[in-house]
Amino acid sequence: MNDASPSPGPLRLRVVPARAGLRWVAAGIRVFLRQPLGFGVLLTMFLLLTPLLALVPVLGTVLVLAALPALTLGMMAATRDAAAGARVHPATLFVGLRGPQRGAMLTLGGSYAAAFLVAVAGSALVDGGDFARAYLLGTPVPRETIQSDAFMGAMWLVMGLWLPLSLLFWHSPALAHWHAVPPVKSMFFSVVACIRNMGAFTLFGLAWAGVFAVGSLALALVGVLLASVGVVSDSPMGAALLTGLVAGGALAMMTMFFASLWFTYQDCFEQAEPAPPAPEKQ
């Protein structure tokens with residue numbers, strides 16, 4: 001596990017061509033295929049930790065949101081290690097909560113949670129608070145309410161507000177952890193990098209949408225094929241086999257996506273080499 005201290009020298013923003021978005025997707029898939037089990041364990045830990053945090057009374061949802069920047073950084077750190085030939089280690093998931101930049105990471109987590117909660121609370125202006133209560137408190141919502149225009153409008157409002165929020169936190173955990181950039185500056189630099197490279201990020205998002213669509217279709221076809229030859233039946237064992245197949249495929253695609261995040265950061269920021277030492281005076 002490689003947890004290097006903040007790198008020396010200034011950072012330079014790099015503008016990449018739109019086709020770089022496809023390269024990021026391909027790199028994420030390749031690095032996952034090198035160590036599928038290690039990455040799978042890491043994402044499983046990620047997915048298990050969030051519902052455990054959600055069980056904390058009152059503050060569960062806040063803790064889940066606050067943990068996301070640090071956990072995402074852990075996935076990026078694991079990808080960086082794997083790309084360099086090192087083995088993925090489960091402890092890497094928590095690398096953002098160790099070291100001198102832990103305070104900055106906690107600040108970013110708190111900022112993300114606060115901003116997202118404000119966005120969810122703002123949806124009450126559209127539907128009177130039904131979506132906010134369902135998301136934050138787990139309040140059961142009748143089917144009629146979910147299908148209403150007001151509830152759907154509140155959901156789309158939150159998703160629309162989440163997009164600029166995601167730009168703030170796309171690169172900021174990596175900038176804060178590896179380069180000791182203060183939280184506010186790291187969010188600013190993250191937004192600028194995403195906007196300057198919007199073509200690449202747009203293609204990146206479209207490519208991943210295509211990967212998930214094709215992958216889901218492939219899983220469905222495999223399920224139909226297994227059913228046609230009698231491997232999967234209506235028995236509990238057959239249902240469990242089909243559920244495991246779908247869950248495993250979805251987990252693999254999610255892990256590939258998280259693995260690709262490191263490459264977006266690596267391409268958007270160029271670490272300048274530190275200046276050579278001055279010659280000694282004779």
Side-chain angles (χ1 to χ4, degrees), residues 1-32 68-86 92 95-109 111-112 115 163-208 256-279:
M1 181 177 55
N2 183 11
D3 181 21
S5 57
S7 303
L11 279 171
R12 287 199 297 260
L13 172 64
R14 185 170 10 192
V15 178
V16 298
R19 65 178 180 274
L22 296 178
R23 185 171 67 244
W24 300 338
V25 174
I29 295 173
R30 282 197 304 269
V31 77
F32 165 79
L68 288 178
L71 294 179
T72 303
L73 174 75
M75 295 295 295
M76 293 176 68
T79 305
R80 183 187 69 162
D81 292 347
T92 308
V95 72
L97 300 177
R98 302 192 298 268
Q101 307 308 319
R102 178 174 53 188
M105 200 61 56
L106 293 175
T107 299
L108 286 174
S111 301
Y112 180 81
L163 180 59
L165 180 62
S166 66
L167 301 185
L168 283 168
F169 293 91
W170 193 274
H171 298 300
S172 54
L175 289 169
H177 179 72
W178 280 309
H179 302 288
V181 179
V184 174
K185 285 187 176 181
S186 70
M187 288 187 280
F188 172 76
F189 293 152
S190 177
V191 170
V192 172
C194 290
I195 292 176
R196 294 287 300 276
N197 290 291
M198 188 55 66
F201 277 101
T202 300
L203 198 54
F204 174 78
L206 292 174
W208 272 120
M256 292 174 187
F257 169 77
F258 276 102
S260 66
L261 299 183
W262 158 253
F263 299 102
T264 71
Y265 171 73
Q266 186 184 45
D267 255 13
C268 288
F269 291 94
E270 179 182 359
Q271 175 64 48
E273 293 297 326

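Since this is a predicted model, take the numbers as computed values, not measurements.
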Practice task
Please step through side chain to side chain contact (heavy atoms under 4.5 Å, CB included) for the pair C268 and W24, ending with a clear verdict.
Solution key: CA-CA 11 Å; C268 288; W24 300 338; 4.2 Å; yes
Problem - Verdict with reasoning, H171 to F269, per side chain to side chain contact (heavy atoms under 4.5 Å, CB included) - result: CA-CA 9 Å; H171 298 300; F269 291 94; 3.6 Å; yes
Handout entry: Derivation and outcome, side chain to side chain contact (heavy atoms under 4.5 Å, CB included), residues T79 and L261
Key = CA-CA 8 Å; T79 305; L261 299 183; over 6 Å; no
Practice task
Given side chain to side chain contact (heavy atoms under 4.5 Å, CB included), test E270 with L13 step by step and report yes or no.
Solution key: CA-CA 6 Å; E270 179 182 359; L13 172 64; over 6 Å; no
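A side chain to side chain contact (heavy atoms under 4.5 Å, CB included) with V25 is found for exactly one of F257, F263, W208, namely W208.
The two atoms that bring S186 and V181 nearest to each other are N-CG1, 3.5 Å, heavy atoms only. Across all non-hydrogen atoms, the minimal contact from V95 to A77 is CG1-CB, 3.8 Å. Among all heavy-atom pairs drawn from H177 and R98, the shortest one is CE1-O, 4.2 Å. Residue T92 comes nearest to A78 through the heavy atom pair CG2-N, 3.6 Å, listed as atom of the first residue, atom of the second, then distance. The minimum heavy-atom distance between D267 and V16, with the atom names listed, is O-CG1, 3.7 Å. Contact between A200 and P17 at its shortest, heavy atoms only, is CB-O, 3.7 Å.
Formation of a donor-acceptor pair under 3.5 Å by the N197 side chain with backbone atoms of V192 is not found in this model.
Looking at T107 and V184, their side chains never come closer than 4.5 Å, going by heavy atoms from C-beta outward.
Atom CE in M76 sits 13.5 Å away from atom CG in L71 (nearest 0.5 Å). Distance check, rounded to the nearest 0.5 Å: CG of L167 to CE of M187 gives 13.0 Å. Rounding to the nearest 0.5 Å gives a distance of 12.5 Å between CG of L73 and CG of L68. Atoms CZ and CZ, on R196 and R14 in that order, are 13.0 Å from each other to the nearest 0.5 Å. Atom CZ of F169 and atom OG of S111 lie 5.0 Å apart (nearest 0.5 Å). In this structure, the separation between CG on L203 and CZ on F201 is 12.0 Å, given to the nearest 0.5 Å.
Ring geometry, W170 versus F204: the interplanar angle exceeds 60°, so the pair is classed perpendicular (tilted spans 30 to 60°). Between H179 and Y265, the angle of the ring planes lies from 30° to 60°, which puts this pair in the tilted group.
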